[in-house]
Structure formats: C-alpha cells, structure tokens
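What you are looking at is a predicted structure, and each value in this text was computed from that prediction instead of being measured.
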Amino acid sequence: NPEEDITDPNVVHLFSNMGWTVKSLAFSPDKRFLVAGKLDAKLIVLDLTTGEQVFEINDLQNEMSQVTSVAFSRDGKRIIAAGFKGAIASWAINDAGQLSDKQALASQAKQVQTLVVSPASGFLISGSSRGQLLWQPVVSPGAPKSRQIEALPRAVLAIHLPKSGLKAIASDGQTLVAVDLKNAKLLGERKLQKAYPHAAAFSADGSRLAITSGYEINVFNTATQSHELKIDTDHDIQWSVGFMPDGKRIYSGGRGRVTFWDVESGEPTARLSVGDVLTIKTIAVSDDSQWLATIPESAGQTLRVFKIPD
C-alpha cells in the first residue's frame, strides 16, 4: 500500500503506477538518476533529487520490443539499453537527465538477458537467452565493432568482468564458464548443479556465484567451483538475486519482499516489504550500497527506492 510507504523510514522515493511491467533498473554512478526499461518498449529516466520523471523514450517497439536490460557507463555519461529482440543501443545523458546522441551497437541474435559494463575500460558485454556472449565498446565511431562466442547451453544469467585483463566468467545457473575475450575462446567449463535456476549473480570481485532455484539460494566458489553455502528461503521462491558491493550480504526478491542474507551464515539480516504478494524480479542497488530500487512483476505497480538497512 503506497500510503503505508509514506511512514516507512526506509522508503526514499515512490513512483506510483508505472504502467506496464518494469523489466530492468539501473542507478547512475552518482545516484542522481534511476533508469527503467519496460515491457511496453519504453525507456524512462527518473531524477532522484526531485522525485520526478524527466525523460522518456517510447519508440523502441520495432527495434527492441521489451527493454530487458539497462546500464550506465562507468563515467555516468551514457545509458545502455538492450531488448527482447536482441538490439543494443546507447545514449548520452546530460545533467538534466535528457537523452541524446543515440548510437546503435552490435546486436544479439536473441533476447538480451544480461548487460555488464567493464569496471576498468569502455566496453560492455551482453549475454543472450541462447547462451551467447557479445562484447564491444560502449562508444564506437563508425560501424559497431564486436566479438562473440557461444558460451553456454542456456540463457546467460550472470557475467563478471575483472578490473583488469580480458577474461570473463559467466553462468546460466547450472554451468560456469571462463572466457578469453582477447581471443574469443572458452578457457574452461564446469557443471555446478542440475536444478533449474531462477536467477544468478556474481559477487563484485567474482569470487562467488549465487544461484536461486526452488526454495534455495546456493553459493559457489568460482575459483574452486565448490559449493560453499545453501540458504533455505522458507518456501518462498527467490526470483532475483545479487550481491551487495562489499560481498558480505546477498539480496534476493521473493513474494512481496526483498531479503538480505549473511554470506557466511546464510541467515536473513533484514527485509524490505513492497506490501503485496506479487513476485519481485527486478532489483537495482546503488554503487555506494545506500539505496535499493525494486518493483513487483506486474502492470500498474509502484516503483520504490529504499534506504538499505544495516
């Protein structure tokens, strides 16, 4: 209930009735803007200093259909969006949140599931619903330059790029692969589990991989490929998952709430409620670990920005 949110000390912003389902969210590095990609092919920019929507692109239906993934460049000067049809594009964003200078980038053949910007250089990597990885510069003068590899048998749910070097690791929630990006070849592959995954995420340093399946979150060590932790989610399927930037907690979206879990003990440390029983599949956390944005998986829902509890 949005009226109850007004008295919730953890709620920083409310954006009511977002229309068709929000499929993807991303904070700008300075936490000034929040970008939302939607089921109805819209890309929306929200100003988190004023609490207002400041820009909308509504002509992406033929190009992208659903906007399934969004991200900011590391300098915060460009927004990248990708869609159900595999298209990927970037726009410049100014201090007022207005988008311009659209650049079409190299596309995936199928739906883009995952989009990650390199923490150290100006390139991005995307993962498709068919297991393909494709990497390219965020800005590329002239025709887009890209490389790609068939990396996984299923949809790519998580990708990690290190702070240096041209290697990546990726997972479909069952298999873990290492990829040499310079030479576009697989370096290794390891089956981690047989259970059907709902979501997966790497820790910021790439040392751990969390996978949700059934009523569990399983955590693996990526160096040894060994199982480290099983979290019992108390008969609540977790549809989304991520690591806090410091790697000490996992957050996940279940039915009507986001739960934070201690990485060492697997115990819940805090919860944020969205006030209903709808599933939570879309979550974003700010780079400074202060705010979390989420919205239930349905039309006409309220987008909430929370202060993350200690």
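Atom OG1 of Thr212 is separated from atom CD1 of Ile217 by 6.5 Å, given to the nearest 0.5 angstrom. Note that the NZ atom of Lys185 and the CG atom of Asp180 stand 6.0 Å from one another [nearest 0.5 Å]. Remark: Ile125 CD1 to Ser118 OG distance equals 9.5 Å, nearest 0.5 Å. Going from atom CD of Gln61 over to atom CG of Asp59 covers 10.5 Å, rounded to the nearest 0.5 Å. To the nearest 0.5 Å, the span separating CD1 on Ile308 from CG on Asp288 amounts to 8.0 Å. With values rounded to the nearest 0.5 angstrom, Ile231 atom CD1 is found 4.5 Å from Leu229 atom CG.
Other residues, nucleotides and ligands contribute only 12 or fewer heavy atoms inside 6.0 Å of the NZ atom of Lys110. Within 6.0 Å of the NZ atom in Lys230, the count of heavy atoms belonging to other residues, nucleotides or ligands does not exceed 12.
Residues Leu303 and Val22 share a hydrophobic cluster, clusters being chains of Ile/Leu/Val/Met/Phe/Trp/Tyr side chains in contact below 4.5 Å. At a threshold of 4.5 Å between side-chain heavy atoms, the hydrophobic network of Ile, Leu, Val, Met, Phe, Trp and Tyr places Phe202 and Leu133 in two separate groups. By the criterion of side-chain heavy atoms lying less than 4.5 angstrom apart, applied directly or through intervening Ile, Leu, Val, Met, Phe, Trp or Tyr residues, Val67 is not grouped with Ile44; the two fall into different hydrophobic clusters. Val177 is connected to Val116 through a chain of hydrophobic side-chain contacts under 4.5 Å among Ile, Leu, Val, Met, Phe, Trp and Tyr, so both are in one cluster. With hydrophobic clusters built from ILVMFWY side chains whose heavy atoms lie under 4.5 angstrom apart, Leu25 does not share a cluster with Leu157.
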Check against side chain to side chain contact (heavy atoms under 4.5 Å, CB included), Gln174 and Leu192: CA-CA 5 Å; Gln174 293 179 329; Leu192 298 178; over 6 Å; no

Derivation and outcome, side chain to side chain contact (heavy atoms under 4.5 Å, CB included), residues Leu124 and Gln136: CA-CA 6 Å; Leu124 62 94; Gln136 59 189 310; 4.2 Å; yes

Audit row: Val258, Ile283, side chain to side chain contact (heavy atoms under 4.5 Å, CB included) steps and yes/no: CA-CA 9 Å; Val258 175; Ile283 302 175; 4.0 Å; yes

Working for side chain to side chain contact (heavy atoms under 4.5 Å, CB included), residues Leu99 and Leu43: CA-CA 10 Å; Leu99 304 187; Leu43 186 64; 4.0 Å; yes

Chi angles and distances behind the salt bridge (Lys or Arg N to Asp or Glu O under 4.0 Å) call for Asp287, Lys31: CA-CA 8 Å; Asp287 288 350; Lys31 212 168 59 181; over 6 Å; no

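Closest approach of Thr282 to Thr294, counting heavy atoms only: O-OG1, 2.8 Å. Nearest heavy-atom pair, Ser73 versus Val117, reported as atom, atom and distance to 0.1 Å: CA-CG1, 4.3 Å. When all heavy atoms of Leu292 and Phe260 are compared, the pair lying nearest together is CD1-CZ, 3.9 Å. Contact record, Ser226 with Thr224: OG-OG1, 2.6 Å, taken as the closest heavy-atom pair. Considering every non-hydrogen atom in both Thr259 and Pro268, the closest pair reads CG2-CB, 4.0 Å. In terms of heavy-atom proximity, Pro119 sits nearest to Pro162 at CG-O, 3.4 Å.
Between the side chain of Thr222 and the backbone N or O of Gly206, at least one donor-acceptor pair lies under 3.5 Å. Here the side chain of Thr233 pairs no donor or acceptor atom with the backbone of Ile237 at under 3.5 angstrom. Within the 3.5 Å criterion, the main-chain N or O of Val112 finds a donor-acceptor partner in the side chain of Thr68. Side-chain atoms of Ser126 never come within 3.5 Å of backbone atoms of Ile88 as a donor-acceptor pair (strictly under, hydrogens ignored). A donor-acceptor pair is defined here as one N or O able to donate and one able to accept, closer than 3.5 Å; such a pair exists between the side chain of Ser286 and the backbone of Trp291. Side-chain N or O atoms of Arg130 include none that pairs as donor or acceptor with a backbone N or O of Ala109 at under 3.5 Å. Proximity of a side-chain donor or acceptor of Ser171 to a complementary backbone N or O of Thr175 within less than 3.5 Å is detected. Within the 3.5 Å criterion, the main-chain N or O of Arg304 finds no donor-acceptor partner in the side chain of His13. Checking side-chain atoms of Gln225 against main-chain N and O of Ala223 turns up a donor-acceptor pair under 3.5 Å.
A heavy-atom distance below 4.5 Å is not found between the side chains of Gln290 and Val12. Taking 4.5 Å as the limit, every side-chain heavy atom of Lys281 sits out of range of all side-chain heavy atoms of Lys23.
Under 3.5 Å, the side chains of Asn218 and Glu216 contain a donor-acceptor pair of N or O atoms. Residues Glu56 and Gln53 bring a donor and an acceptor atom of their side chains to less than 3.5 Å of each other. For the residue pair Gln113 and Gln111, a side-chain donor N or O sits within less than 3.5 Å of a side-chain acceptor on the partner. With no hydrogens or angles considered, no side-chain donor-acceptor pair links Ser273 and Arg257 at under 3.5 Å.
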All N/O donor-acceptor pairs, side-chain side in residues 244-252, below 3.5 Å, sequence neighbours left out:
residue: Asp246; atom: OD1; partner: Lys248; partner atom: N; Å: 2.9
residue: Arg249; atom: NH1; partner: Thr269; partner atom: OG1; Å: 3.4
residue: Arg249; atom: NH1; partner: Pro309; partner atom: O; Å: 3.3
residue: Arg249; atom: NH2; partner: Pro309; partner atom: O; Å: 2.9
residue: Ser252; atom: OG; partner: Gln238; partner atom: OE1; Å: 2.6
residue: Ser252; atom: OG; partner: Trp261; partner atom: NE1; Å: 2.8

For residues 145-155, which side-chain N or O atoms pair as donor and acceptor with protein atoms under 3.5 Å away, sequence neighbours left out?
residue: Arg147; atom: NH1; partner: Lys182; partner atom: O; Å: 2.4
residue: Glu150; atom: OE2; partner: Gln132; partner atom: NE2; Å: 3.0
residue: Arg154; atom: NH1; partner: Asp172; partner atom: O; Å: 3.0

Would you give me the side-chain donor-acceptor pairs under 3.5 Å for residues 32-39, sequence neighbours excluded?
residue: Arg32; atom: NE; partner: Asp47; partner atom: OD1; Å: 3.2
residue: Arg32; atom: NE; partner: Asp47; partner atom: OD2; Å: 3.4
residue: Arg32; atom: NE; partner: Thr49; partner atom: OG1; Å: 3.4
residue: Arg32; atom: NH1; partner: Asp95; partner atom: O; Å: 3.1
residue: Arg32; atom: NH2; partner: Asp47; partner atom: OD2; Å: 3.1
residue: Arg32; atom: NH2; partner: Asp95; partner atom: O; Å: 3.1
residue: Lys38; atom: NZ; partner: Met18; partner atom: O; Å: 2.7
residue: Lys38; atom: NZ; partner: Asp40; partner atom: OD2; Å: 3.4

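Classification of the Phe220-His227 ring pair by plane angle, with boundaries at 30° and 60°, yields perpendicular.
The side-chain contact (heavy atoms from CB on, under 4.5 Å) test with Trp239 is passed by exactly one of His198, Arg255, Glu297: His198.
Scanning for side chain to side chain contact (heavy atoms under 4.5 Å, CB included) contacts around Ser203 gives Asp205, Ser207, Arg208, Phe243, with sequence neighbours left out. Checked against side chain to side chain contact (heavy atoms under 4.5 Å, CB included), Ser265 has the following partners two or more places apart in sequence or in another chain: Asp262, Glu267.
Contacts classified as ring pair (Phe, Tyr, Trp, His ring centres under 6.0 Å) and involving residues 67-125 (residues at least two apart or in different chains) are not found.
Taking the centre and axis of the six-membered ring of Trp20, the NZ or CZ atom of Lys42 falls outside the cone set by 45° and 6.0 Å.
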